Undergrad: 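The structure is given below, and queries will be raised subsequently.
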Amino acid sequence: MVPAGPGRVRGRAAATARHRHPPERTILYAAILLLTLPAAVLLAAKAVHLLATRRVGYARTRPGRCGEAATLCLCVFVVTLAVGNLSGFDTRPTRACVTARTGHDAVRSYHYAADAGITIDSRPLPPSVLCTWPDGATVQLVPSWVDPVLLLSLAGAVASVAMGCRAAVGEGRRTRPGAPPAIV
């Protein structure tokens with residue numbers, strides 16, 4: 001056990017109490033991580049398919065292609081969300097903050113005194129890990145590209161679903177025998 005002092009915590013319970021997440025967040029983090037593996041596998045399979053066949057999609061119909069695009073956008077969303085939520089992950093949470101602030105690898109030069117008074121505020125959606133020092137300095141550990149990628153992938157999924165529904169309705173109108181032509 002490490003002796004108590006400024007910036008030091010006593011025992012395992014004290015160390016986890018400073019950075020404990022409520023149960024709802026823990027469940028959300030677990031769900032994100034469980035969804036990440038299938039999403040990453042699907043993206044990898046899609047990349048292999050693209051390289052092997054030089055064809056973008058599996059589907060042959062427009063609604064199928066739109067559904068495939070929506071699925072891929074959601075996969076990108078889940079993987080990016082996992083990357084954002086794992087930013088700054090370390091066995092000692094404040095070590096990532098010290099590394100980000102000082103600009104050099106804090107693993108070798110890390111000391112408990114360096115993390116005195118650092119508070120870490122994390123949010124799963126949109127991902128944010130904000131380190132705040134007593135002097136008012138703050139460091140965001142989540143990369144700046146995460147939020148735009150999340151927004152664009154979600155918008156792409158919604159647009160793909162809307163285009164797929166529109167295409168499916170359009171195909172249904174054209175293929176029904178005896179139906180009057182659709183007015184556009």
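All values derive from a computational prediction rather than experimental measurement.
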Undergrad: Can you check whether C97 reaches V139 side chain to side chain, under 4.5 Å on heavy atoms?
TA: no

Undergrad: Tell me the closest heavy-atom pair linking A82 and T36, and the distance in Å.
TA: CB-OG1, 3.1 Å

Undergrad: Provide the full list of salt bridge (Lys or Arg N to Asp or Glu O under 4.0 Å) pairs with a residue in residues 142-151, sequence neighbours left out, each pair given once.
TA: none

Undergrad: Please report the closest heavy-atom contact between D135 and A137, naming both atoms and the distance.
TA: OD1-N, 3.1 Å

Undergrad: Shared ILVMFWY cluster between L72 and L154, side chains joined below 4.5 angstrom?
TA: yes

Undergrad: Do you know the tightest heavy-atom contact between L125 and L81?
TA: CG-CD1, 4.3 Å

Undergrad: Quick one: pull up CZ in R62 and CZ in R65 and give me the separation to the nearest 0.5 Å.
TA: 7.5 Å

Undergrad: Give me the atom names and distance for the closest heavy-atom approach of C73 to A157.
TA: CB-N, 3.6 Å

Undergrad: Does Q140 reach the main-chain N or O of S128 with its side chain, forming a donor-acceptor pair under 3.5 Å?
TA: no

Undergrad: A side-chain contact here means heavy atoms from C-beta on lying under 4.5 Å apart; do P127 and S87 qualify?
TA: no

Undergrad: Where do T132 and L130 land on the side-chain contact (heavy atoms from CB on, under 4.5 Å) test, with the steps shown first?
TA: CA-CA 6 Å; T132 307; L130 187 67; 4.2 Å; yes

Undergrad: Can you name the closest pair of heavy atoms from C75 and L42 and give their distance?
TA: SG-CD2, 3.3 Å

Undergrad: Quick check for you: to the nearest 0.5 Å, what is the distance between L141 atom CG and C131 atom SG?
TA: 4.0 Å

Undergrad: Quick one: does V83's side chain get under 4.5 Å of W145's, heavy atoms only?
TA: yes

Undergrad: So, taking the atom named CZ in R101 and the one named CD1 in I118, what distance separates them when rounded to the nearest 0.5 Å?
TA: 8.0 Å

Undergrad: If you round to the nearest 0.5 Å, how far is CZ of F77 from CD1 of I32?
TA: 8.0 Å

Undergrad: What heavy-atom pair brings H49 and T53 nearest, and what distance separates the two atoms?
TA: O-OG1, 2.7 Å

Undergrad: Please round to the nearest 0.5 Å and tell me the distance separating atom CG of N85 and atom OG1 of T80.
TA: 11.0 Å

